[in-house]
Structure formats: C-alpha cells, structure tokens
Participant: 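Let me begin by handing over the structure; questions about it come next.
Convention: sequence-line order gives letters A, B, ...; per-chain numbering from 1.
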Amino acid sequence: MRHPVLRTPLPVIGITTALIIGGGVAAFAAWDVSARSATFTVTAAHIPRMGPPRVRVGKTPQIRWGAVELLPGVPAQRYVVTRTLGPLSQVACDVPPGATLQCVDEFAPAGYRATYSVAATYGLSWVGPPGAPSRAVTMPGTAVPMLINGVMVVPGVGGEPIVDGTGGPAQVAAASPAPALSSPASSVPLPPPPELPGTPDPVPTRVTEMPEPPVHSVPAPPPSDPPSQPPPTESSPSPTDAQ
Amino acid sequence: MQRWQRSVVAAAAAVGALGVGVALHTSAPGDQRVSLTAAAGGDGYGFGVRATDVDGLYPGAERRLVLTLTNPYAFDLTVTGLRSALVTTSRPGCEPVAENLELRDFAGTLPVRVDGRDSREVGYVPVHMPNTVVDACQKATFTIAVTADAARAGR
C-alpha cells in the first residue's frame, strides 16, 4: 500500500516549506516582521465664529455676548470686541479670561452710528474669525468730525459715518500706549482721545487712538470694505451661541 | 486529503505569508487607541492603518496614542522598536514642526512580546499641542507616521 502522503504531493511540499522556514527561524531567530511606517491623522480644533452681540445704548453702549467653546468643556479664553463705523473698525474692548462676558465702550464716538462684533481667542495666537455684527446703534450725543488713524470721518445723516476723502488736519495726535490689561471681571476701555492743539474749528476735533490690537482702517480715498464690514442691520439683538 | 494534511498545508501557508493592518478607536477621554497589525506590502511587510479620525487638539492639550499590537500569526512576535514622526499638515502656514505639534517619546517597555494570535497594549505616544502653535493650525490635519520593528520571538 502506498504511503498516504505520497498520493498527494502538496502536503509534502507544505511540510517541507514549514520545516525549512521553521529550521531557519530556529537557526537565526531574527525574522523581521515590519520595518515600514503606518500613518494616521490628528485634527486640530478651531475657534468658532461668534454670533452678533447684544448692544444696549444708554449713556454709553454696553455690549454683551455668550461664551463659545472650541470643544465641549473648552471655552474660549479672551474676547475682543470691535466697533465698526462705516468702513473703519477699532477694538473697543479686550476682555481677559475670567471676566464677565460684557463690556462698556466708554469711548464710543458720540452721535455716530456703529455696529459691534466679537471674536474669541485662545492661547497665545489662536484668534477666531470676526463675529457677526450687532444691530446698528446710534450713540447719544452730537457727532463731530473726528480722526481715526489719520482718516477724517464726518457725521452723515442719522449719524452714519462718512469718510472724508478731502483729508484731515495735518497734525495727528501721537498714538497713546496700548491699553493695559485690567484685573479680571472688568473690560479694558480705549484711552481717552486727546484734543488737537491750534485747530481753527471752534468745535474741538476728537481724535480716536488706535490701540494695539489690529484695526481694519483704510486710507481716505476710496474706502474698501474690511472683512468686518457689516451691513447695517435692524435685527433684534440675539445672544451669541455660535458653535 | 486527510485532515492532518490540510492542517500542515495551512500552517505552512501561514508561515510563508504575512499581513499587517492597523485600527484606531477612541477609548477613555484624552486617549486614542492605535492598533498595529501586520499587513503584507509589495516588497515585504509594513503596517497598515485602519483608523477613525483623531481630533480635538488645541493649544496646551495633550492626547495619548495608546498602541495595541495584534499578532495574527500562530507564532509569537517580539516588538523591538516603536517610533513616531510628524510628516505633514493640511494647511499652509502650519508647518509640521514641534512648535505646532509635539510627539513625545514612546512611553512603554521594549522589547515586548506579543503572543501568537493575541493582542497586547504595549504603551503610548504622548501627543502635545504646545502654546506656540500658530493660528494657521486651527482645523489643520496633522499626518503622523508610526514605525514598528518586530521579529519572530525565540523559543
């Protein structure tokens, strides 16, 4: 009787192969499985765009907004409130961590119509996109021509700011130092605007200083729309809850 | 072919063939699990990755990439090395450098033995996003390569 193994040569080959490999391993014991890489991805979070803040105009405008989070349980750390007059924007408040989510724009230009938006920040350099603008509000008082970063702005109908392309006074007040951060639970107002000396206009021209945070200003001729330029809106204020 | 013959053939085929794959799934908060399983490559062996997206890094955050090795073979494997490297990012202005994403040294004991047809958690790679990360890295996807070296374990 033939040996059962010889009837099917494949098992012989299989056994032989296994013995060869097994013998090799036993002899060398260094059988390399892998030396190449596998890749996978990790994605960073981001700061969401904030919704429009609520603005209450009394003696001075008070701006309020809701907190936003990068991730559940990771709230933004600082909030930068921007005031926009026509094509020009300025930082009105820089609210530090731990402060209440509101600020008072103590240096809002009287009589002018403006909107406010809020952007959140996190860490040393992460800044969220400019938030949606608030409803347009008109500050109490009488509007006067003013300089914003060397750009003359004059009041139009209803306090609408108009960039005067004819140019402003030659002298521009020296920029004041950047506003120092206040203690928590309070916002940081802009420094007071100094008056221009020797102006022939009986009404003193107010000069609004440019603070340290970036300001989206444009030269007098023809103003371009900065990214934060909002269309005037009459929508009712709504709490920010953009995520 | 008798049953014992088929078993021998199957064992021989298994010894002669290799395959690797990787799976990733989340577990505890802050931990991301990476499973490395052998996968056959064109000119040899490599690690394939089958992973769900790992997300949620922000300045100051740290995650652990917990590494689990799966040995699909009948013989034991000894893992002798594990390395990770930041390869690229998806956003311009966000460079694949340690100032934006830091891969720390593998935290585990090597060499480690993984029994045949078994899995074993061997340690983790700490991934840290430092506060120096630039603004351009918001929403960026970082590609990380993991290289593992292993050998058939001696008896």
Side-chain angles (χ1 to χ4, degrees), chain A residues 3-49 69-78 97 119-129 214, chain B residues 1-2 5-6 8-13 15-16 18 20 22 24 32 34 36 38-39 41 44-49 51 53-61 63 75 77 85 87 94 101 127 129 131-135 137-152 154-155:
Chain A
H3 195 286
V5 173
L6 296 176
R7 272 196 261 126
T8 52
L10 195 57
V12 174
I13 296 171
I15 293 172
T16 306
T17 305
L19 287 174
I20 289 173
I21 294 175
V25 169
F28 301 109
W31 181 77
D32 191 6
V33 170
S34 168
R36 289 196 297 177
S37 300
T39 60
F40 61 96
T41 59
V42 178
T43 304
H46 70 282
I47 300 175
R49 184 175 189 243
E69 294 182 327
L70 280 69
L71 296 167
V74 184
Q77 291 180 332
R78 305 179 68 94
T121 75
Y122 194 96
L124 298 177
S125 59
W126 278 24
V127 181
Chain B
M1 187 187 300
Q2 297 192 12
Q5 293 169 335
R6 287 195 288 271
V8 170
V9 172
V15 169
L18 296 168
V20 179
V22 176
L24 170 68
Q32 306 291 355
V34 179
L36 298 165
Y45 321 118
F47 283 99
V49 180
D53 190 27
V54 176
D55 57 12
L57 281 170
Y58 55 92
R63 293 291 187 107
F75 48 87
L77 291 174
V87 179
C94 179
L101 189 69
V127 179
M129 178 166 278
N131 285 314
T132 52
V133 60
V134 298
D135 186 62
C137 288
Q138 287 194 57
K139 281 206 264 191
T141 298
F142 297 81
T143 300
I144 299 172
V146 174
T147 303
D149 300 312
R152 180 166 177 164
R155 297 178 191 274

Participant: Let me know which of V42(A), T43(A), L70(A) forms a side chain to side chain contact (heavy atoms under 4.5 Å, CB included) with L57(B).
Facilitator: V42(A)
Participant: Can you tell me which portion of V133(B) sits under 4.5 Å from chain A's heavy atoms? Options are side chain, backbone, both or neither.
Facilitator: both
Participant: List the atom of V127(A), the atom of D135(B), and the distance in Å for their closest heavy-atom pair.
Facilitator: N-OD1, 2.8 Å
Participant: Determine the minimum heavy-atom distance between A45(A) and Y58(B), stating which atoms define it.
Facilitator: CB-CB, 4.5 Å
Participant: For a quick test of reading the model, state the closest non-hydrogen atom pair linking A44(A) to C137(B) and the distance between them.
Facilitator: CB-O, 3.3 Å
Participant: Who pairs with Q77(A) by side-chain hydrogen bond (donor to acceptor under 3.5 Å, both in side chains), at least two apart in sequence or on another chain?
Facilitator: none
Participant: Can a donor-acceptor pair be found, under 3.5 Å and without considering hydrogens, that links the side chain of Q138(B) to the backbone of I47(A)?
Facilitator: yes
Participant: How close do G56(B) and L71(A) get, counting heavy atoms only, and between which atoms?
Facilitator: O-CD1, 3.2 Å
